[in-house]
Amino acid sequence: MTRRRPALLAALTLTAAAALTLSACGGDDSSSDKKDKIAGADTGSEPSTSPSESAPTEVDRPKIKLPTDVTYKFEWDKTGDPVKDAVLHDAEQRIKAVDMAVAEQDALHAAYRFYSEGEAAAGSQKYIQEFVDHKARTTGVTRYYRESVNAKDDGTASLVYCEDQSKSFNKFLKTGKTDVTSATKDSYVLYAGTLRQNSKGVWVTERLVSERGSAKCQP
């Protein structure tokens, strides 16, 4: 995953299993071998327009807690469809859970594994481990926008969205230094994922691909 990570944080190569999702949205199935942040927020985040309120309350979900300098702007609107809104909610929570694992320097954190399985979980573990190895975490604000969700009757769903990483950076834990870099076309990333509703009613991400610098996500 890359959120404009510097070269020292080698970008994670995501699995190329959501090609059909990208094709359905007019994209291509090329997966950038850099995919930075799968980010998230909690307290201290900007108010989200995402459908967080639609999450099932009966499930014992992980509590997401992040440093106050890790914030997000989700521009994912409620669809009015409870299934699609639940997909968007759980995808948002996965994003946040991965950044929490980065902040806590735990590549096997239970929170992101609650919201992901298989190839997506393995990819997240590798991504988080890179931060652990370099004693770094994320900082700044990340924006998510231009989402498209398709839920099927068989309990699966596809989700495509854009990420704006132009105001999110790497922060090194030993020095406290933030590596501020200028925005480029590669600051904008297209993601496509496939999700499945598990026995708890949680929409877990199983596969995820990305295209850095996608024309579909440019401002």
Side-chain angles (χ1 to χ4, degrees), residues 1 3 14 17-18 21 24-25 35 37-66 70-103 109-121 123-124 127-128 138 141-165 168 189-210 217:
M1 321 174 155
R3 188 208 2 226
L14 296 179
T21 307
C25 294
K35 175 207 172 294
K37 161 178 190 235
I38 283 191
D42 188 61
T43 57
S45 65
E46 296 183 16
S48 171
T49 57
S50 63
S52 301
E53 304 84 357
S54 65
T57 57
E58 68 275 7
V59 180
D60 185 16
R61 294 169 179 266
K63 182 178 181 180
I64 307 296
K65 186 174 183 180
L66 285 160
V70 179
T71 61
Y72 303 86
K73 185 176 181 182
F74 282 90
E75 297 177 356
W76 294 353
D77 294 328
K78 277 191 170 182
T79 68
D81 182 310
V83 175
K84 290 183 178 180
D85 288 344
V87 171
L88 289 170
H89 173 272
D90 289 350
E92 177 181 332
Q93 294 305 300
R94 177 194 55 78
I95 289 170
K96 295 177 178 180
V98 171
D99 265 4
M100 180 169 69
V102 168
H109 203 294
Y112 82 82
R113 291 189 292 143
F114 183 88
Y115 289 105
S116 59
E117 295 178 357
E119 295 172 351
S124 293
Y127 166 73
I128 297 161
T138 61
V141 58
T142 309
R143 181 170 68 100
Y144 295 89
Y145 56 105
R146 295 179 191 167
E147 77 286 357
S148 175
V149 59
N150 179 35
K152 301 178 182 178
D153 292 338
D154 62 357
T156 64
S158 59
L159 174 63
V160 176
Y161 60 91
C162 290
E163 180 187 54
D164 173 1
Q165 304 174 350
S168 63
V189 188
L190 178 69
Y191 292 88
T194 57
L195 303 90
R196 175 184 56 81
Q197 189 175 38
N198 66 17
S199 60
K200 297 179 180 178
V202 176
W203 286 93
V204 295
T205 298
E206 295 186 313
R207 299 180 181 90
L208 192 67
V209 295
S210 67
C217 297

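Only a predicted model underlies this, so the values are computations on that prediction, with no experimental measurement involved.
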Nearest 0.5 Å please: distance from the [atom1] atom of [X] over to the [atom2] atom of [Y].
X: K152; Y: S158; atom1: NZ; atom2: OG; answer: 6.0 Å
X: D85; Y: D77; atom1: CG; atom2: CG; answer: 10.0 Å
X: M100; Y: I128; atom1: CE; atom2: CD1; answer: 9.5 Å
X: D154; Y: Q197; atom1: CG; atom2: CD; answer: 11.0 Å

Would you indicate whether the side-chain heavy atoms of [Y] and [X] approach each other to under 4.5 Å?
X: V83; Y: W203; answer: yes
X: R61; Y: V202; answer: yes
X: T156; Y: T194; answer: no
X: D164; Y: E75; answer: no

What residue among Y161, Y191, F74 forms side-chain contact (heavy atoms from CB on, under 4.5 Å) with E147? Y161
Work out which heavy atom in A91 is nearest to a heavy atom in L195; give both atom names and the distance.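 Nearest heavy atoms, A91 then L195: CB-CD2, 4.5 Å.
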Which heavy atom of V102 sits nearest a heavy atom of T138, and at what distance?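 Closest pair (atom of V102, atom of T138, distance): CG1-N, 4.1 Å.
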Quick check against the 3.5 Å criterion: does S116 have a side-chain atom that pairs as donor or acceptor with the backbone of Y112? yes
Within the distance-only criterion (no hydrogens, no angle test), does the side chain of Y145 pair as donor or acceptor with the backbone N or O of C217 below 3.5 angstrom?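 Answer holds: yes.
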